There are 2 protein chains.
Amino acid sequence: MERLLTHFQRYIPLIEDEKRLLEPRVRARKIKRRQMILQEGFVCKHYTFVVEGCFKMYGVDDKGYEHNIQFAAEGDWIADIGSFHSQKPSRLFIEAIEPSEIIQIEQQDLYFLYINIPKLDRIFKVIIENKFVELQNRVLQAFSSTAEQRYLSFLEQYPHLTNRLPNTQIASYLGITPEFLSKIRKNLSRK
Amino acid sequence: MERLLTHFQRYIPLIEDEKRLLEPRVRARKIKRRQMILQEGFVCKHYTFVVEGCFKMYGVDDKGYEHNIQFAAEGDWIADIGSFHSQKPSRLFIEAIEPSEIIQIEQQDLYFLYINIPKLDRIFKVIIENKFVELQNRVLQAFSSTAEQRYLSFLEQYPHLTNRLPNTQIASYLGITPEFLSKIRKNLSRK
DNA sequence: CCCAACCCTTAAACTACATTAAGGGTATTT
DNA sequence: AAATACCCTTAATGTAGTTTAAGGGTTGGG
């Protein structure tokens, strides 16, 4: 809970009254490795804040292959925003890669908080703007770089993740097969 | 100007006082075909609302090829959000594909408006959430579908654009060459 | 009205990446 | 401690999409 307040603090400090409104409307949970907090076909019920651990969000294609859309580690938010707001079934999965601790807010509670703590509109606007920029770079890179360039960018941009994630997960994020990532790594190590 | 108010109205109505604050801080402009409102190396100075016409936003790779990240037609917002907020040079271009009419807000004015019309935090939070969801689908599709499937999705999702855009621009958006799009179209027409 | 710039298509040769298969290593679970 | 599931790599073969080149059609600016 402290961690969430500290997180908001970095955007705009909350006053005591606001903290009191917030507290009863969030819920802390522990999640096991490989446990899913969202599955395809279900509505995304929560905005999830990662206190400790790491998650992946992915879709599954016709052939059953997983494609990682994003990772979320300490201090990140994760949710299928489309499903959350529309209350329609999601086509995505969110799964813990490590044993994790999270804080969750349900839709009704978040809407209540948006009304009673207008600051939160501002805070989440900025949070989502930042995520949007990240995602936009990802699209540009996907279409304008080779897999090797994308791998190198990944290493630069997410150094804290590269040692925590198996290469299969990184390959899925880069949009390539683990076999091809292996080839890229071999190539790079020869240079 | 009316068009912008109508646009905001669809999220939350503005009261008269708020409209009065808004009006002197936005600027209407006409833009010619092929005119750029953002160029690589320059800071993105404005949030741009498209009243009439159509724009593309793209990056240029090492080899000089353009890669379209998004289109913006009537009722859409377009800006390099990262550059706009950080005031760092953009790596993107925004260019009119058709003669267009736009309404622009400068950074300082938008910040003033955010402070004096808190509703706008809410409105732009929702606008960006929607754009985020769109972009997320794009990432998922890019990694999990063939070019043909992506082309068919594009036709479904943006029927109003397919007749307005040259195929070269659509190909660039799909992440393929015009030659290959031509092949896909030929294939589809035989079915 | 003409010239230049853009646009669409076809086809042959090429390349980045996928698929399949297989072997050995290392964690997790029982 | 064994068994199982997971992970990394190598290599041969296959394919979606690129590159290069070329011809013809359309648009728009001077």
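Here the structure is a predicted model, which means the values were calculated and not measured. Each chain gets a letter, A, B and so on, in the order its sequence line appears, and its residues count up from 1.
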Presence of Lys63(A) side-chain N/O under 4.0 Å of dT20(C) phosphate oxygens OP1/OP2: no
Phosphate OP1/OP2 of dA18(C): any Thr177(A) side-chain N/O under 4.0 Å: yes
Shortest side-chain distance from Ala147(B), nucleotide among dG17(D), dT9(C), dT10(D): dG17(D)
Separation of dA21(D) P from Phe180(B) CZ (nearest whole Å): 21 Å
For His7(A) against Ile127(A), the heavy-atom pair lying closest together: NE2-CD1, 3.8 Å
Heavy-atom pair with the smallest gap, counting every atom of Arg164(A) and Cys54(A): NH2-CB, 3.6 Å
Sugar-phosphate only, base, or nothing, as touched by Thr168(A) at under 4.0 Å among non-hydrogen atoms: sugar-phosphate
Whole-Å distance separating the NZ atom of Lys186(B) from the C1' atom of dA11(C): 9 Å
Atom-pair distance (OH on Tyr65(A); P on dT19(C)), nearest Å: 5 Å
Candidate nucleotides dA21(D), dA18(C), dT19(C), ranked by approach to the side chain of Glu179(B) - the nearest: dA21(D)
Distance, rounded to the nearest Å, where Arg34(B) contributes CZ and dC6(C) contributes C1': 7 Å
Lys/Arg N to Asp/Glu carboxylate O, Lys19(A) vs Glu16(A), below 4.0 Å: yes
Any Lys183(B) side-chain N or O less than 4.0 Å from OP1/OP2 of dT18(D): no
Upstream residue (5' side of DNA chain D) when Ile184(B) and Gln169(A) are each assigned their closest nucleotide: Gln169(A)
Short side-chain N/O contact to dA5(C) OP1/OP2 from Arg33(B), under 4.0 Å: no
Of the listed nucleotides dG17(D), dT10(D), dC6(C), the one nearest the side chain of Arg150(B): dG17(D)
Ile176(B) CD1 - dT9(C) C1' separation (whole Å): 14 Å
Gap between atoms CG and P, on Leu174(A) and dA16(C) respectively (whole Å): 17 Å
Value in whole Å for how far the P atom of dT9(D) lies from CD1 of Ile170(A): 11 Å
Chi angles and distances behind the salt bridge (Lys or Arg N to Asp or Glu O under 4.0 Å) call for Arg3(B), Glu52(B): CA-CA 10 Å; Arg3(B) 298 288 271 276; Glu52(B) 189 63 50; 3.8 Å; yes
dA16(D) OP1/OP2 closer than 4.0 Å to side-chain N/O of Thr146(B): no
Length of the OH-P vector between Tyr151(B) and dG17(D), whole Å: 15 Å
Residue-phosphate contact under 4.0 Å: Arg185(B) side-chain N/O, dC7(C) OP1/OP2: no
Over 12 foreign heavy atoms within 6.0 Å of CD, Glu156(A): no
